[in-house]
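Comments concern the structure below.
FYI, the numbering just counts along the sequence from 1.
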Amino acid sequence: MVTTPTPLPTGPKGLPVIGSLLDFQYRPLRFFRELEQRYGRMATVHIGKQPLLFCFRPEHIRYFLTENPRNFVKPGNANDVGLKLFLGDGLLTIDGDHHRQQRRLVQPAFHKHRVDSYATIMTRYAQETIASWQPDSVVNMASEMQYLTLRIITKTLFNVDSIEQTKKLGHAFDVVISGGPPRTVIKSRIRSPFASTRELDEASRTIDTFIYGLIEQRRKTNDDTGDVLSMLLQAQQNEPESMTDKQIHDHVLTFVAAGHETAQNTLSWTFYLLSQHPHVRAKLLAELQTVLAGRVPTLDDLPKLPYLEGVINESWRFYPPAWRQARMALEDFELDGKCIPAGTITILSQWILHNLPDIWGDPENFRPERWDKQNAPSIPQGAYFPFGLGPRICIGMPFAQLETKLLLATILQHYIPQLKPRARIVFQPLVTLRPKYGMPMRLETNNTIISPVSTTV
Ligand code: HEM
């Protein structure tokens, strides 16, 4: 069917030459919400000459991610933050047949039964973190959670546990991820999407050295530990052309980056939200007390902790770590009666969809009860997508769900982190939604549940 493309939906005019570049780049959270409030279902924004289509309804999310995913690819070099320049050809940034083939290959490493086997590592490392803390001291919860989640991901997926290396890596990721302002969807003449300082080069080198060292070491020992790295090396032996060292490097980098950055933000924001909502906190602590009574949580305990699950789901709704996704159309498509031309880049935003009043009623309230069994089914598909949806749904979702529950339950039984008075909590919407100045929190001892911290399992 040949349909003549219709004009894109209306939107703000923006400034001459640059259009809405400044709003998009420097105050995107407020800008996105203003767009939805002013233009309703859809809006078009211009960044320079590049039009960007914003789609704000759950049925739009379903259209792009679950019903027609093959017509949409990641925008590549024109990506909203140029992620490909950092991650190369990892699963997050490749498309089409290449993506399908690579996803099939690594999927077994993320099957539920395999992920479940990581539970004891997760709680053991959480206990070690707790043991390193002093009651009533102030810690930067964002850094603490970064270190903890990075240790967990490198141990579970690559069987590496070096405290020294993890610290260096954590710093390197910080530099690379927050080292500069997010670039725009316009094709930038700047090669890197991130700050191009000497510090950035050093950080990239640290990460590369770690990853290539990991590959080299495993090859030498020839151990098949059944982890992701073994799986990738095995695939290389079977299909050397499709699994080069560079391809393995990009997968490892993607898993480490995507696997800890999002989880650390989830934990930081959840601790923050709990510190701001004493009623929710009290209800959660009561559930932990009833079910665990100071014990280290296990897999079997998790189904008995529905309020914990509600708190985490609500935290992902309230402050989604992945707050926007972008897609580029391969062919013309029709949406809301409009024919939209191939090449159009669309922005889908969790930050908006998770906050629509007609869907959520009171989106501004942090209310884990909305995830109770009787309430949750009324949420339409597409309204909530912290992990994306469809064939490109986050491969690490079961991992992240398990890790978040176990770490929160373990930590909260010992400490109730309270926001430091006058702390500056400011959003930094980069690849993920980060707290710009960290998350300074005082470690209040949880006196309701007392059990000794054990660092052995
Ligand atoms: C709270 C934690 C997490 C959140 C909120 C999150 C969010 C997301 C989202 C929204 C996507 C889809 C992106 C898109 O389609 O444009 C995604 C994809 C992905 N995530 Fe996660 N993620 C989390 C944890 C993890 C973990 C723990 C890992 C690895 C261990 C991981 C690895 C990946 C990978 C490799 C993809 C690309 C999948 C594909 O395109 O086939 N993520 N994630």
Counting only pairs under 3.5 Å, give me each side-chain donor-acceptor contact of residues 249-258, with atom names and distances, residues two or more places apart or in other chains.
{"from": "His249", "atom 1": "NE2", "to": "Asp208", "atom 2": "OD1", "distance (Å)": "2.7"}
{"from": "Asp250", "atom 1": "OD1", "to": "Lys246", "atom 2": "NZ", "distance (Å)": "3.4"}
{"from": "Asp250", "atom 1": "OD2", "to": "Asp89", "atom 2": "N", "distance (Å)": "2.8"}
{"from": "Asp250", "atom 1": "OD2", "to": "Lys246", "atom 2": "NZ", "distance (Å)": "2.4"}
{"from": "His251", "atom 1": "NE2", "to": "Gln102", "atom 2": "OE1", "distance (Å)": "2.6"}
{"from": "His251", "atom 1": "NE2", "to": "Gln247", "atom 2": "NE2", "distance (Å)": "3.4"}
{"from": "Thr254", "atom 1": "OG1", "to": "Asp250", "atom 2": "O", "distance (Å)": "2.8"}

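Here the side chains of Val228 and Phe158 are in contact, with some heavy-atom distance below 4.5 Å. Between Pro58 and Ile359, some side-chain heavy-atom pair lies under the 4.5 Å cut-off. You'll find the side chain of Val296 reaches within 4.5 Å of the side chain of Gln127, heavy atoms only. Using a 4.5 Å cut-off on side-chain heavy atoms (C-beta onward), Leu302 and Leu406 make contact. The shortest distance between side-chain heavy atoms of Val106 and Ile395 falls below 4.5 Å. Between Asp95 and Arg392 there is a side-chain heavy-atom pair separated by less than 4.5 Å. Residues Gln264 and Leu148 have side chains not in contact (no heavy-atom distance under 4.5 Å, counting atoms from C-beta outward). Contact check for Ile152 versus Met122: side-chain heavy atoms found under the 4.5 Å cut-off.
Checked against ring-ring contact (aromatic ring centres under 6.0 Å, His included), Phe399 has the following partners two or more places apart in sequence or in another chain: Tyr118. Contacts of Glu309 classified as salt bridge (charged side-chain N to carboxylate O under 4.0 Å, His left out), with partners at least two apart in sequence or in another chain: Lys405. Arg327 meets the salt bridge (charged side-chain N to carboxylate O under 4.0 Å, His left out) test with no other residue; sequence neighbours excluded. The salt bridge (charged side-chain N to carboxylate O under 4.0 Å, His left out) check on Glu261 picks up Arg434, with sequence neighbours excluded. Judged as a ring-ring contact (aromatic ring centres under 6.0 Å, His included), and not counting sequence neighbours, His171 has no contacts. In this view, Tyr125 satisfies the ring-ring contact (aromatic ring centres under 6.0 Å, His included) rule with no residue, not counting sequence neighbours.
When atom types are taken as modelled, the side chain of Lys74 and the backbone of Leu92 share a donor-acceptor pair closer than 3.5 angstrom. Here the side chain of Asp136 pairs no donor or acceptor atom with the backbone of Glu444 at under 3.5 angstrom. Between the side chain of Gln236 and the main chain of Met243, a donor-acceptor pair closer than 3.5 Å is present. A donor-acceptor pair under 3.5 Å links the side-chain atoms of Arg317 to the main chain of Pro363, judged by distance alone. Counting only distance, with no hydrogens or angles, the side chain of Gln146 and the backbone of Gly170 share a donor-acceptor pair below 3.5 Å. Listed for the Gln428 side chain is no donor-acceptor partner under 3.5 Å among the backbone atoms of Leu433. Formation of a donor-acceptor pair under 3.5 Å by the Asn71 side chain with backbone atoms of Ala329 is not found in this model. At distances below 3.5 Å, not a single donor-acceptor pair connects side-chain atoms of Ser315 with backbone N or O atoms of Val311.
Residue pairs satisfying the ring pair (Phe, Tyr, Trp, His ring centres under 6.0 Å) criterion with at least one member in residues 217-237, sequence neighbours excluded, are absent. The stretch residues 133-157 participates, sequence neighbours left out, in these ring pair (Phe, Tyr, Trp, His ring centres under 6.0 Å) pairs: Trp133-Tyr415. Screening residues 305-326 for ring pair (Phe, Tyr, Trp, His ring centres under 6.0 Å) gives Phe32-Trp323, Trp269-Tyr319, Trp316-Phe387, Phe318-Phe366, Tyr319-Phe427 as the qualifying pairs, with residues at least two apart or on separate chains. Counting only residues at least two apart or in different chains, salt bridge (Lys or Arg N to Asp or Glu O under 4.0 Å) contacts with residues 160-170 comprise Arg151-Asp161. Applying the salt bridge (Lys or Arg N to Asp or Glu O under 4.0 Å) test to residues at least two apart or on different chains, the pairs with a partner in residues 370-390 are Glu314-Arg370, Asp362-Arg370.
A donor atom on one side chain and an acceptor atom on the other are found under 3.5 Å apart for Ser230 and Arg218. Judged by distance alone, the side chains of Asn265 and Ser268 never bring a donor and an acceptor atom under 3.5 Å apart. Remark: the Gln325 side chain and the Gln350 side chain contain an N/O donor-acceptor pair separated by less than 3.5 Å.
Taking 4.0 Å as the cut-off between side-chain N and carboxylate O, Lys155 and Asp227 do not count as a salt-bridged pair. With respect to Lys304 and Glu287, no salt bridge is recorded, no charged nitrogen being found less than 4.0 Å from a carboxylate O.
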### Task
Show your working on side-chain contact (heavy atoms from CB on, under 4.5 Å) between Leu65 and Leu348 and close with a plain yes or no.
CA-CA 10 Å; Leu65 300 185; Leu348 311 170; 4.0 Å; yes
### Task
Dump the intermediate steps for side-chain hydrogen bond (donor to acceptor under 3.5 Å, both in side chains) on Thr298 and Asp301, then the final yes or no.
CA-CA 5 Å; Thr298 64; Asp301 292 317; 3.1 Å; yes
### Message
For Gln237 and Leu233: C-alpha separation, side-chain torsions, deciding distance, then whether side-chain contact (heavy atoms from CB on, under 4.5 Å) applies.
### Response
CA-CA 6 Å; Gln237 276 182 6; Leu233 287 169; over 6 Å; no
### Message
Pair Trp351, Phe31 - check ring pair (Phe, Tyr, Trp, His ring centres under 6.0 Å), show working.
### Response
CA-CA 11 Å; Trp351 178 250; Phe31 181 52; over 10 Å; no
### Task
Start with the C-alpha distance between Leu443 and Ile416, add both sets of side-chain angles, then the distance that settles side-chain contact (heavy atoms from CB on, under 4.5 Å), and finish with yes or no.
CA-CA 6 Å; Leu443 297 169; Ile416 307 169; over 6 Å; no
### Task
Just do the side-chain contact (heavy atoms from CB on, under 4.5 Å) check on Thr166 and Phe210 with the steps written out, would you?
CA-CA 10 Å; Thr166 311; Phe210 168 77; over 6 Å; no
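When every heavy atom of Ala142 is checked against every heavy atom of Gly438, the shortest pair comes out as CB-CA, 4.1 Å. The minimum heavy-atom distance linking Thr129 with Ser132 is given by the pair O-OG, 2.6 Å. In terms of heavy atoms, Arg205 sits closest to Thr209 at O-OG1, 2.6 Å. Closest approach of Leu412 to Asn446, counting heavy atoms only: O-ND2, 2.8 Å. Considering every non-hydrogen atom in both Gly88 and Thr93, the closest pair reads O-OG1, 2.7 Å. Minimum heavy-atom separation, Gly259 to Ile153: CA-CD1, 3.8 Å.
Atom CZ of Arg100 and atom NE2 of His98 lie 12.0 Å apart (nearest 0.5 Å). The structure places OG1 of Thr66 at 6.5 Å from CG of Leu389, a figure rounded to the nearest 0.5 Å. Atom CD of Gln413 is separated from atom CG of Leu408 by 11.0 Å, given to the nearest 0.5 angstrom.
Taking the six-membered ring where the residue is Trp, Phe54 and Phe24 present perpendicular rings, their angle passing 60° and hence far from 30°.
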